[in-house]
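Position 1 is the first residue of the sequence; numbering continues from there.
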Amino acid sequence: MKFDSPATTNPIDRLKWVGQPIERIDGRLKTTGTAPYAYERHDVAPGQAYGYVVGSSIPKGRIVSMDLSVAKAAPGVLGIVTADNAGKLGKGSRNIAPLLGGPEIAHYHQAVALVVAETFEQARAAAELVHVNYEAADAAFDLAAGKEKAVKPDSMTGGAPDSSVGDFQPAFDAAPVKLDATYTTPDEAHAMMEPHASIASWNDDKLTLWTSNQMIAWAKKDLAETLQIEPENVQVISPFIGGGFGGKLFVRADALLASIGARLTRRPVKVALQRPLMFNNTPHRPATIQRIRIGTTQDGKITAIGHESWSADLPDGKPDGAVSQTRLLYAGDHRMTATRLTTLNLPESNAMRAPGEATGMMALEIAMDEMAEKLGLDPIEFRIRNDTQVVPDHESKSPGAELRFSQRQLVQCFRTGAERFGWSNRQARPASLRDGDWLIGHGVASAFRNNQVMKSAARVTLDQTGGVTVETDMTDIGTGTYTIIAQTAAEMMGVPLQKVVVRLGDSSFPVSAGSGGQWGGNSSTAGVYAACVKLREAAAQKLGINSGEVVFADGQVQAGGRSHQLVDAARDGALVAEDIIEFGDLSQKYQQSTFGAHFVEVAVDSATAEIRVRRMLAVCASGRILNPKTARSQVIGAMTMGVGAALMEELAVDTRRGFFVNHDLAGYEVPVHADIPHQEVIFLDETDPVSSPMKAKGVAELGICGVAAAVANAVYNATGVRVREYPVTLDKLLERLPEVG
């Protein structure tokens, strides 16, 4: 199915199942511990052995020698994989550094060996006996120190690295009111609960991999490229994933080494990355340095806005796209953005929930508050005055042509949220509201994330019991994918939800969008929609009905005053239909984005600077919400991650040895239940027919964008202390707190 014109009325609009707060159909499996996660698949391949990864202890250099003799002689050891015996390996196109190092070392904890043994304990003990001699090379680990060597990259995620409209510098210089400030964000880790884990098994020359991966088709392709085998000889299975946040978009060392270890030992091998390797071996969100300049008229209209960002990665890596939202979010005739990339020898930087906008909004939305204060304006009023319904940095081949947003309800998000939150009670003067020993502050920030769509396929089957089975390689990373796909199929085929079976995460199924970039829910359900359209046509034809007039509802197929049982269409055998949704050029005709507003109340102890988040509200305009319950879960999870980014998350870099020191969940702090207060989420009533037949958009990443800035703005409102270096920790507040009256 080609989606190249805005959606009109279709069966989804009945909203009997779609749009309803249905509980997760996979919830019972997860809450009873019976959902089969990758490392727990004891039933899929008999005789499983265990692998334990040995990571490099230097960040850059080469292996001089490896002594494996003692480890090989250890109890239970079946074999040891190294670059010397792994065979000729390629490199997947989505991996920056080779997943198996040797002799060259690209970063700290790059895998250099896998010890395979009968038990996990034996593999771990033998791994301690592997002795590696290295020759270290000079390396760089400090973004601030490397800033002057940064270069303009060829590209960044989301477009060109630089943009320019009008003449920024003269306009900024001439502006009556100006802000020029620099903000920093630290390296952050995905820190998901489930580690990267895989079980690999060979049957002759065919590999089956049970793994934890967000993008099945990407994993199959990259694994085949790395092992240098035909893609049709690889099957990837990942029906349940215990969190990913972008860290499992690409094949990692666990998958490759389990595959090589199984081939070497002729046994199925399971590998889970130990927690320190999850931080140093797999990707992370890179640190940024961001300079933002805003110039306005006296009445608060932006005339000039500039955003420059510096980040780092390994050689051949990409920059963080922190400037992305600044090209789209606020009006202003004169504007510029610039992205610069420097090379550091830290572990790989790559996608983490809302890459680009998450870090960019952390800076931009503080700058907007600072500018509002200079102008004497309420922060919400300043943002509303600079709203726009057209893309402000759009450069068209036709002079004067505008690119309009398909939907943009940012102002409505602020007005709805301000009323619900009680924003009118906020004190404009910082440090003027107290509750006993606590200083109380309120903060706000815009939320913004572009809407992306990806082609996505599915296969649907109507069986002789009237049941409908959906098969697609789409994944569920805790987002509720099983449920919204079931709702889509039930709506389209007019059957109860209980009659729908959803099978996900298997590369033998049609290729879907996968889970990433906030595109998964909208795109994958649109693929199911397309397949169901074909199944409806096949069923109508089987029943002798004109498919153009048909209505599928309550297990019936109705047309022209006649009614048939849907199950009768499969009386001679199951009906199977498969299709793919392919998106046309609507994304070039309309700018598709999602919008929101975050409101936060904090309390800061007037003596110790201890920060407590008291309440949070998110208002989201994100197209049709396919399931308010699962969508709310995604937004409050994102809000929680935003609190972490604001107040505690920071990978501490050892700039002598080139690694992240706090590489576990004891040293890398993330919010826990006690840190998170009441959270409220409001979804504006919105459909976007330009986006897909579902008229939906993504929401899972919108929820994190702007949260950290809203927290930081609330801390400033409480204390009068402006912190521009995340995280906002008490040591950055303590000496500047107002005197206790």
Side-chain angles (χ1 to χ4, degrees), residues 1-3 12 18 24-26 38 94 209-224 231-232 234-241 244 246 248-251 351 451-461 468-493 500-535 576-584 587 626-627 630 634 691-694 696-701:
M1 173 183 288
K2 190 81 168 180
F3 183 74
I12 297 297
V18 171
R24 296 186 185 201
I25 62 175
D26 56 323
R94 296 175 179 88
L209 186 79
W210 295 267
T211 190
S212 185
N213 189 279
Q214 298 173 226
M215 303 290 293
I216 301 301
W218 291 5
K220 177 177 178 173
K221 180 177 182 294
D222 282 0
L223 197 57
E232 55 264 30
V234 178
Q235 183 178 8
V236 176
I237 301 172
S238 186
F240 290 94
I241 302 168
K248 295 175 181 175
L249 282 174
F250 320 114
V251 166
N451 180 60
Q452 303 177 73
V453 289
M454 297 268 283
K455 65 180 181 180
S456 193
R459 180 167 54 241
V460 288
T461 302
V468 175
T469 299
V470 183
E471 294 174 317
T472 170
D473 81 353
M474 182 60 188
T475 51
D476 191 324
I477 57 174
T479 45
T481 307
Y482 278 100
T483 308
I484 60 173
I485 282 180
Q487 289 173 265
T488 303
E491 197 78 77
M492 290 296 293
M493 300 310 301
V500 179
V501 174
V502 179
R503 301 177 66 195
L504 301 180
D506 190 324
S507 63
S508 66
F509 299 156
V511 176
S512 73
S515 297
Q518 196 175 261
W519 62 62
N522 183 24
S523 301
S524 65
T525 53
V528 174
Y529 171 96
C532 285
V533 168
K534 273 197 171 181
L535 185 59
V576 182
E578 182 175 327
D579 203 359
I580 183 170
I581 189 83
E582 295 185 273
F583 296 90
S587 61
L626 302 177
N627 183 322
T630 58
Q634 286 304 290
S691 177
S692 79
M694 306 300 294
K697 294 179 181 175
V699 74
E701 297 185 344

Checklist outcome for this item: So CD1 of Ile477 and CD of Gln214: to nearest 0.5 Å the spacing works out to 4.5 Å
Next on the checklist: Is there a side-chain contact between Ser515 and Met474 in this structure, where contact means two heavy atoms from C-beta onward sitting under 4.5 Å apart?
Outcome noted: yes
Next on the checklist: So which atom in Val18 and which in Glu491 form the shortest heavy-atom distance, rounded to 0.1 Å?
Outcome noted: N-OE1, 2.8 Å
Next on the checklist: What verdict does the side-chain contact (heavy atoms from CB on, under 4.5 Å) test give for Arg24 and Thr630, after you've listed the backbone C-alpha separation in whole Å, the side-chain angles of each residue and the deciding distance to 0.1 Å?
Outcome noted: CA-CA 8 Å; Arg24 296 186 185 201; Thr630 58; 3.9 Å; yes
Checklist entry - Is a donor on one side and an acceptor on the other found under 3.5 Å between the side chain of Ser523 and the backbone of Met454? => result yes
Item to check | Non-hydrogen side-chain atoms of Thr475 and Asn213 separated by less than 4.5 Å | outcome: no
Item to check | Where Ala577 and Ala531 come nearest, the two heavy atoms and their spacing | outcome: CB-O, 3.7 Å
Item to check | Taking every non-hydrogen atom, the tightest pair across Ala486 and Val500 | outcome: CA-CG1, 3.9 Å
Checklist entry - Can you name the closest pair of heavy atoms from Asn451 and Gly698 and give their distance? => result OD1-N, 3.3 Å
Checklist entry - Do the non-hydrogen side-chain atoms of Val460 and Thr469 ever get within less than 4.5 Å of each other? => result no
Checklist entry - Just how far is it from atom CD1 of Ile237 to atom CD1 of Ile216, taken to the nearest 0.5 Å? => result 9.0 Å
Item to check | Closest heavy-atom pair and its distance - Ser691, Lys697 | outcome: OG-CG, 4.0 Å
Checklist outcome for this item: Nearest heavy-atom contact between Met215 and Trp519 is CE-CZ2, 3.9 Å
Checklist entry - Any salt bridge (Lys or Arg N to Asp or Glu O under 4.0 Å) pairs touching residues 502-522, not counting sequence neighbours? => result Glu471-Arg503
Next on the checklist: With a 3.5 Å distance limit and no angle check, can you tell me whether Trp218 reaches the backbone of Val251 through a side-chain donor-acceptor pair?
Outcome noted: no
Item to check | All salt bridge (charged side-chain N to carboxylate O under 4.0 Å, His left out) counterparts of Asp222, not counting sequence neighbours | outcome: Arg94
Next on the checklist: So, taking the atom named CD1 in Ile485 and the one named CG in Asn627, what distance separates them when rounded to the nearest 0.5 Å?
Outcome noted: 12.5 Å
Checklist entry - Can you tell me how far CD1 of Ile581 sits from NZ of Lys455, rounded to the nearest 0.5 angstrom? => result 12.5 Å
Checklist entry - Knowing that exactly one of Ser238, Ser512, Ser507, Ser508 qualifies, which makes a side-chain hydrogen bond (donor to acceptor under 3.5 Å, both in side chains) with Asp473? => result Ser512
Checklist entry - Under the ring pair (Phe, Tyr, Trp, His ring centres under 6.0 Å) rule, what pairs show up with a residue in residues 473-492, not counting sequence neighbours? => result Phe240-Tyr482
Checklist entry - Ignoring hydrogens and geometry, is there a side-chain-to-backbone donor-acceptor pair from Thr461 to Val576 under 3.5 Å? => result no
Checklist entry - Are side-chain N/O atoms of Ser692 and Asn522 paired as donor and acceptor at under 3.5 Å? => result yes
Next on the checklist: If only side-chain N and O atoms count, and only distance matters, is there a donor-acceptor pair under 3.5 Å linking Lys248 with Ser212?
Outcome noted: yes
Item to check | pair Leu504-Pro239: side-chain heavy atoms closer than 4.5 Å | outcome: no
Next on the checklist: Would you compute the distance between atom OG of Ser524 and atom CG of Asp476 and round it to the nearest 0.5 angstrom?
Outcome noted: 9.5 Å
Next on the checklist: Quick check for you: to the nearest 0.5 Å, what is the distance between Gln634 atom CD and Gln518 atom CD?
Outcome noted: 10.0 Å
